[in-house]
Each structure stands twice: as C-alpha cells, then as structure tokens.
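Read the numbers this way: they start at 1 and go in the same order the structure lists the ligands and their atoms. Count residues from 1 along the sequence. Values below: every heavy atom of this structure, side chains too, minus hydrogens, waters and symmetry copies. This is a predicted model, so every value here is computed, not measured.
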Amino acid sequence: MKKTLLRNGTLVGVETPRWGVSEKSETIVDILISTGGIIEKIGKNIQDHKDTEVVDVSGKLLFPLLIDCHVHFREPGMEEKATMQTEAAAALAGGVGLVCDMPNTVPPCVTVAALADKVRRAEKIAGCTIKFFFGVTEAIHLVTLKDLWTGTSLELKRLKNHCSGVKLYLDHSTGDQKVDGGIVEEIFRTCAELKIPLVAHCEDPEINAKAKTEVETQNFASLHDISLHSTMRPPESEAASIEYAISMARKTGAALHIAHLSTKQGIELVRAAKKEKLNVTCEVAPHHLFLTTDDYKTLGAFGKMNPPLRSAEHRDALWAGIEDGTVDCIATDHAPHTIAEKESGEPLKAPSGVPGVETMLPLLLTVAAGKWPNENSPPALLRELRCAGKTKNPNAKISYSDILRLCFTNPNRIFSLGASPLAVKNPAKIVIVDPKQEWILGGKNLHSKCGWTPYEGWRVTGKCIRTIG
Ligand code: DOR
Ligand code: ZN
C-alpha cells in the first residue's frame with residue numbers, strides 16, 4: 001500500500017476564507033498520510049517518494065470528516081425508510097463521517113439490549129461512525145441509564161463508549177417517545193450527577209394540544225392545508241418548552257443541549273442562558289435555515305417536520321444566532337420517510353421528518369461562497385446578498401471556518417465524541433471539498449434510501465469530492 005500526499009490543499013482552520021475571498025495564503029498545505037492512515041506530516045513542499053500517491057488538491061478545502069449530532073437512521077425496525085448502510089453512504093457523500101442516531105427506532109433504544117443491538121449493527125458499517133442517544137421515557141429507563149453509565153463490566157463500558165448521551169422528547173413526535181413529565185427533573189439530576197450530555201426536543205405538549213384543538217374547530221373546512229402543521233405546533237410552544245428545560249438546567253446543573261431550535265424566542269432564551277453562564281448549548285437544522293412556511297406551497301407534506309417550518313423572521317433569527325455564536329452546532333435531524341408515506345392520504349397526517357445528512361454541507365458551502373442556494377426562494381434575500389457586496393446580509397453569514405466549528409469542533413466537544421481534528425499523529429479522516437463546483441441537488445443523485453430531498457432542483461456551490469479515512 002502507498003502513502004498518500006495531498007498537495008496544496010487549503011486547510012480549513014480559524015483563519016480561512018470568508019465570502020469566498022482568500023485572505024490567508026498560509027493555510028495552503030501538503031498533508032502526508034501513512035500507509036496505516038495516520039497523518040504523518042502537515043507542511044509546505046513535503047517531499048514525495050516513489051511509494052507515495054500524490055493527489056493535487058490545489059483550490060480544494062480540507063476539513064476533518066464532519067459530525068452530524070442528530071440523525072434518524074431508522075435501523076432497526078424501519079428498514080423500509082432507511083438502513084444504517086444506506087444512510088451512512090449518504091452521510092459520507094455529504095462529507096459527514098460521524099453521526100449520533102436517535103432512540104426512536106423499533107424497538108426504541110431504551111434498554112441495554114436495544115443499545116447493544118444497534119452497536120452490533122453499527123460496527124459493520126465501514127467509514128462512518130454511528131453513535132447512539134439513549135431514550136428515557138419512564139422511570140425504569142433511568143435505572144438502566146445509571147447502570148449503563150456507572151457499570152464496571154467490560155461490556156457496559158464498551159456500550160457506554162458508543163452512547164453519546166440521553167435524548168428527551170418533551171412532546172410527542174415520530175415514534176411517540178414523549179417523556180413522563182413526572183420524571184423530567186430526576187432525569188436532569190441524573191445527567192448532572194453522572195455528567196451525561198442531555199439533548200431535549202423542546203415543544204410544549206399542552207400548548208401544542210391546545211393549538212391543535214383550536215385549528216381543528218376553526219378550520220374544519222380546510223384541514224387539508226399542510227401549513228396548518230405550523231399553526232398546530234406554534235413558536236410559543238417551543239419557547240415555553242425551552243424555557244422549562246433551561247430552568248431545569250439551572251436548577252440541577254445538567255449540561256443541556258437543545259435539539260433543532262427553530263424560533264426567534266428560542267435563540268433569545270439560549271443567548272440569555274449563555275450570558276448567565278449556564279451549561280446550555282443548541283443546534284439548528286438546515287431545513288429551518290433554508291426553508292420557511294412559504295415552502296409548503298411547493299413541498300406539501302415533504303415540508304412537514306417537528307418542530308415545523310417557521311416564518312422568515314424566525315429563519316433570520318437563526319442565522320443571526322449563528323453569526324453571534326449563540327448557535328453551537330448545525331445538525332440535520334435527518335429523518336427519512338418513504339415517498340409513499342409522504343404522499344398517501346391527508347398531508348397533515350403524513351409522517352414528520354425530512355432527509356438532510358447529505359445536503360447540509362453543500363447548502364452551507366453555498367452560503368459561505370456568498371450565494372443563496374435557491375434562486376427562486378427567497379428572491380429578496382438573494383437580491384440583498386448581491387446588492388450588499390456579499391458581506392452585509394444579516395441572513396446569510398457563514399464562513400468555511402464557521403462550518404468547521406458548527407459541524408465538527410463544537411459537537412465533538414459537547415458530546416465528547418472523540419473525533420480527530422486534522423493534526424499530525426491523528427487518524428487521517430478528511431473531507432476534500434471543491435468550493436467552486438456547482439451542481440443541482442436532486443433526490444435521484446443523492447444516496448438516502450428515501451430517494452427525495454426538500455431541496456429538489458436547488459443549485460449549490462461546493463461539493464465533497466472525496467473522503468479519506
Ligand atoms: O420531524 C421529525 N422527525 N421530528 C422528530 O422529532 C422525529 C423525526 C423522525 O424520527 O421522523
Ligand atoms: Zn430528530
């Protein structure tokens with residue numbers, strides 16, 4: 001086997017190009033990778049030998065394999081939607097090499113046996129590391145969680161190593177894993193005591209139930225209107241639930257991570273919690289950054305997810321949260337459902353969730369290149385972006401190093417995932433990106449088993465052209 005030498009790549013670090021304008025030439029490096037897949041050298045003009053495969057990566061960006069800390073790979077139990085194998089292929093095609101899978105599988109990941117089964121399956125998947133969140137919906141699961149986290153047997157220690165933390169659903173979503181409200185504080189206390197990362201899906205069950213009843217009584221004639229999904233799970237519901245979760249973090253000292261935060265109020269609450277120095281972090285999902293309730297017109301049930309699409313005001317607040325560092329991670333909530341499930345029957349009854357693990361990187365690269373990936377929507381935003389000389393648009397600011405921080409460094413730290421940054425002696429797990437390549441997203445050229453994307457036909461700039469490791 002030969003060594004590999006990546007020649008003249010742009011190493012994405014803290015001082016990489018913003019808005020596609022190269023400012024720091026010293027980020028251009030060669031990377032030498034040993035036959036065993038370890039980074040041997042990073043530097044200028046590294047000597048090559050006849051036993052070295054030289055790959056010219058000039059003009060290309062080098063990231064570590066990215067992390068998506070929120071996916072639903074559906075295995076076991078829902079293999080008609082997706083499998084670990086198919087979705088890992090989608091992840092790698094999108095430059096993602098480590099994912100954290102959620103517990104709403106069948107059976108749910110709430111027992112040691114269920115976790116062990118998922119780990120056994122994941123170990124067969126090459127190239128993409130799959131870690132798992134443990135679900136807690138009843139008191140008995142909390143007992144199991146404590147055993148898992150404190151167990152001294154080799155087997156429990158091994159399984160714990162594959163577990164990225166606890167997932168808490170504060171309201172029902174796909175898989176009906178809503179937690180018993182009476183044990184929430186105990187879960188927070190346990191996570192604080194045992195230092196377990198705690199991820200919360202924040203929606204308030206009472207506010208959602210009330211909004212649903214209101215919609216059903218007022219809009220009886222138009223219950224086929226998919227946009228009512230957003231009315232039935234309103235922004236106030238997420239805000240109240242985030243406020244509650246933060247109050248629990250304050251009370252118990254638990255490290256709280258808010259999943260797929262989608263509202264302006266949510267961003268403000270996390271911003272305030274950080275000011276207060278609470279251990280609170282959050283992620284936003286690409287669909288809330290790139291789609292709004294306007295997209296229901298073209299997407300129908302293919303735009304249905306929980307939390308739902310919001311108005312442009314909320315989308316803009318999420319971008320502002322990225323810009324000022326309130327948002328810690330971008331994670332996809334990759335949740336494939338079959339086309340048949342999305343199309344059969346009333347749109348409002350279709351399952352919630354959209355795929356996204358393969359499209360996250362190209363969408364973000366497009367914004368980093370100073371463009372908006374969908375020329376049709378929202379045109380006002382695109383116009384502004386162009387008129388503002390690419391720098392003054394408040395809605396779409398992100399750099400290549402922001403992508404590194406949001407999709408690698410922060411999730412790696414928050415969930416102690418053990419992924420290696422690009423440095424000498426580390427495993428060479430690398431994404432090579434062509435930041436200029438333009439291409440069209442389409443369900444047919446993506447790898448997820450579901451075969452569709454909510455970004456069908458969108459023109460993106462930037463592509464993962466190869467992964468190593
Ligand atoms: O839209 C969603 N889909 N939200 C969730 O909370 C679950 C997910 C799924 O598993 O389909
Ligand atoms: Zn999810």
Less than 3.5 Å between some nitrogen or oxygen of [X] and one of ligand 1, yes or no?
X      : answer
Ser352 : yes
Tyr169 : no
Asn104 : yes

Which residue and heavy atom of the protein sit nearest [atom], plus the separation:
atom                    : result
atom 11 (O) of ligand 1 : Arg74 NH2, 2.8 Å
atom 6 (O) of ligand 1  : Ser173 OG, 2.7 Å
atom 1 (O) of ligand 1  : Asn306 N, 2.8 Å

[X] heavy atoms, cut-off 4.0 Å: which ligand 1 atoms fall inside?
X      : result
Met305 : 1 (O)
Ala335 : 3 (N), 8 (C), 9 (C), 11 (O)
His201 : 6 (O)

What part of [X], side chain from CB on, backbone N/CA/C/O, both or neither, has a heavy atom under 4.0 Å from ligand 1?
X      : result
His337 : side chain
Lys81  : neither
His72  : side chain

Tell me whether the rings of His257 and Phe415 are parallel (<30°), tilted (30 to 60°) or perpendicular (>60°).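 His257 and Phe415: perpendicular rings.
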Salt bridge check, [Y] against [X]: does any charged N sit closer than 4.0 Å to a carboxylate O?
X      : Y      : value
Glu346 : Lys304 : no
Glu155 : Arg158 : yes
Glu438 : Lys371 : yes

Nearest to the Zn ion (ligand 2) - the N/O/S atom of Asp333, by atom name: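 Answer by atom name: OD1.
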Measuring from the Zn ion (ligand 2), name the closest N, O or S atom belonging to His72.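 Within His72, restricted to N, O or S, the Zn ion (ligand 2) is closest to atom NE2.
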Quick check, are the ring centers of Phe73 and His334 under 6.0 angstrom apart?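 That pair passes the under 6.0 Å test.
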Counting only heavy atoms from other residues, nucleotides and ligands, does the tally under 6.0 Å from NZ of Lys251 exceed 12?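 Atom NZ in Lys251 is not packed in, count stays at 12 or less.
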Identify which one of Glu203, Glu238, Arg315 satisfies the side chain to side chain donor-acceptor pair (under 3.5 Å) criterion when paired with Ser262.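 Going through the options one by one, the only one that passes is Glu238.
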Does Leu198 offer a backbone N or O that forms a donor-acceptor pair with the side chain of Lys167 under 3.5 Å?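 No: the side chain of Lys167 does not pair with the backbone of Leu198.
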Under 3.5 Å, is there a donor-acceptor pair between the side chain of Glu283 and the main chain of Ile330?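 The answer is no, because no donor-acceptor pair under 3.5 Å joins these two groups.
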Taking it one step at a time, do Asn104 and His72 satisfy side-chain hydrogen bond (donor to acceptor under 3.5 Å, both in side chains)? CA-CA 8 Å; Asn104 61 340; His72 300 262; 2.8 Å; yes
N, O or S atom of His260 closer to the Zn ion (ligand 2) than 2.8 Å: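 Not a single backbone or side-chain N, O or S atom of His260 is under 2.8 Å from the Zn ion (ligand 2).
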